[in-house]
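Every value quoted in this text rests on a predicted model; they were computed, and no experiment measured them. These numbers come from the heavy atoms of this one structure, side chains and all, not from hydrogens, waters or symmetry mates.
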There are 2 protein chains.
Amino acid sequence: MSEDGIRILLVDDHPIVRAGLAALINGHGDMRVVAEAQDMDSALRAVACHRPDIVLMDLNLGAAEHSGAEITAAIRDKPSRVLVLTTYQTESDILRALDAGASGYLLKDAPAEELFAAIRATARGETVLSPAIASTLVRRSSRPGPTVTEREVEVLELLARGLGNKELAKEMLVSEGTVKAHLAHIYTKLGVDTRAGAVAAAIERRIIRPT
Amino acid sequence: MSEDGIRILLVDDHPIVRAGLAALINGHGDMRVVAEAQDMDSALRAVACHRPDIVLMDLNLGAAEHSGAEITAAIRDKPSRVLVLTTYQTESDILRALDAGASGYLLKDAPAEELFAAIRATARGETVLSPAIASTLVRRSSRPGPTVTEREVEVLELLARGLGNKELAKEMLVSEGTVKAHLAHIYTKLGVDTRAGAVAAAIERRIIRPT
DNA sequence: TTCGGCATCATCCGATCGGCCAATCTTTGC
DNA sequence: GCAAAGATTGGCCGATCGGATGATGCCGAA
């Protein structure tokens, strides 16, 4: 890795963004884009084929079936390290990605220099988080206020897809009463009183991400 | 403009994406990024100050108050031409931008070459649309299926914000009965039977955009 | 001009939702 | 081991929602 710099695999579904990032990265002597992928399947193949040091992955993969966290998990045991680059900072996304084994989580809001620093740090084996991300996580753990449960996030995500209580119950394999209990908790925690309002508030607070 | 190539103003709220696009564009001899802006206000100032030939604008400006179409309208009478570069292709966004006077509408899904071609074409005074965009517009006009009304789109957008029927009525300055009528029409057109489902379907069909 | 689409409004009724109360069971942590 | 928190379920009731139906006015196309 040291002779030709940090070898990077770019994963993003937007060719234009990909080309931009590649141009940006290749302008630096100590790192190089060795492959690109536009979806999860080709990303997996590229990892196996090119053995990059770092997978720079845009989690905002449009209407992807794979949750992005999935792929991170699939790559985790390979020698490559995954650096997630995304637009959103929903609690569920961050936690899911980190749980899956991502070595870093960066927001596109960050300045370009931060990206390079993050790439180098990740290559050194360190774990990198955007300041905004870090503060989100800190806020999460040290907030006296209401914290939505994992299960409640599930409910919110299904809610955003327009399911009714019966459907919610069937989907989550619980009774309708349980669903209503979760909903009641969510309502009080978010300070709303309708399902639609809950979805709006959840999106507002970046608890879930709009479909 | 001809001595130093096409002068471009980049507008995008993500520094990383901006840096990537700048690196990409500046790699071409016949075009150059002369200024960058991360929000609408600084974009307007930059237009007045640098007089770019083209404003390459990312409409996907996070939680922007300004609709993006607004700014396009504000720039329109200046000598600069606006080329919109975005992720989404909702009917309302496209039509709004074109109505506002954008000279082009490109999806990030497009290959990078298409971006350069679009920049050059826009500089020549032509109007450019992504193939996907064009087909969306064509589909819109030649589709036998259900077409949601302007008013119904309004309802859908408010619906996505979690309002109840009473609130809907107050917001739209009509009676609750009218709201329910609109809802009924929307349900049959989208093939759903709940407000949440309608929101999901509307987002799915790119009629509205998740907030 | 006539027909159809759109927006507007109203009423009735069954289904669903949201609020309130109470209970059991598992996990987590002190 | 015990307390706290989360997940689970049940029932009751008023409020809201969704479906069906009908009616009016406006405007553009045939």
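No side-chain heavy atom of B:Leu9 sits under 4.5 Å from any side-chain heavy atom of B:His50. Annotation: side chain of B:Leu83 is not in contact with side chain of B:Met57 (no heavy-atom distance under 4.5 Å). B:Val11 places none of its side-chain heavy atoms less than 4.5 Å from the side chain of B:Leu56. Side-chain contact between A:Tyr187 and A:Asp193 is absent, with no heavy atoms from C-beta onward closer than 4.5 Å. Two residues are said to be in side-chain contact when any heavy atoms from C-beta on lie closer than 4.5 Å; B:Val55 and B:Leu10 fail this criterion.
Distance CG (B:Leu158) to P (D:dC17): 14 Å, rounded to an integer number of Å. Between the OH atom of A:Tyr187 and the P atom of D:dA15 there is a distance of 18 Å, rounded to whole Å. Distance CG (A:Leu168) to P (D:dT8): 12 Å, rounded to an integer number of Å. Separating the CZ atom of A:Arg195 from the C1' atom of C:dG18 is a distance of 9 Å, rounded to the nearest angstrom. B:Asn165 has its CG atom 6 Å from the C1' atom of D:dC17, to the nearest Å. Atom pair A:Leu183:CG and C:dG19:C1' shows a separation of 12 Å (rounding to whole Å applied). Across the protein-nucleic acid pair, B:Ile186 atom CD1 and D:dG18 atom P stand 11 Å apart, rounded to whole Å.
Under the side-chain hydrogen bond (donor to acceptor under 3.5 Å, both in side chains) criterion, the residue pairs touching residues 112-124 of chain A are A:Asp30-A:Arg120, A:Arg124-A:Glu126, with sequence neighbours excluded.
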Contact list (N/O, under 3.5 angstrom) for nucleotides 23-30 of chain D vs protein:
none

Heteroatom pairs (N/O) under 3.5 angstrom, protein to nucleotides 7-11 of chain C:
unit_1: C:dA7; atom_1: OP2; unit_2: B:Thr149; atom_2: OG1; d: 3.4
unit_1: C:dT8; atom_1: OP1; unit_2: B:Arg151; atom_2: NE; d: 3.4
unit_1: C:dT8; atom_1: OP1; unit_2: B:Arg151; atom_2: NH2; d: 3.0
unit_1: C:dT8; atom_1: OP2; unit_2: B:Arg151; atom_2: NE; d: 3.2
unit_1: C:dT8; atom_1: OP2; unit_2: B:His182; atom_2: NE2; d: 2.8
unit_1: C:dC9; atom_1: OP2; unit_2: B:Ser175; atom_2: N; d: 2.5
unit_1: C:dC9; atom_1: OP2; unit_2: B:Thr178; atom_2: OG1; d: 2.8
unit_1: C:dC9; atom_1: O5'; unit_2: B:Ser175; atom_2: OG; d: 3.4
unit_1: C:dC9; atom_1: O5'; unit_2: B:Thr178; atom_2: OG1; d: 3.4

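Axis angle between the ends of the helix from C:dT1-D:dA30 to C:dC30-D:dG1, five pairs each and rounded to 10 degrees, works out to 50°.
In this structure, the side chain to side chain donor-acceptor pair (under 3.5 Å) partners of A:Glu154, at least two apart in sequence or on a different chain, are A:Arg151. Shown here are the side chain to side chain contact (heavy atoms under 4.5 Å, CB included) partners of B:Ser175, two or more places apart in sequence or in another chain: B:Thr178.
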**Request:** Mind running side-chain contact (heavy atoms from CB on, under 4.5 Å) on A:Val155 and A:Met172 for me, showing each step along the way?
**Result:** CA-CA 8 Å; A:Val155 173; A:Met172 298 179 63; 3.6 Å; yes
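A side chain to side chain donor-acceptor pair (under 3.5 Å) with B:Asn165 is found for one member of B:Glu176, B:Lys180, B:Arg195 and no other, namely B:Arg195.
Look at A:Lys108 and B:Asp13 and you find no salt bridge, because none of the NZ, NE, NH1 or NH2 atoms lies under 4.0 Å from a carboxylate O.
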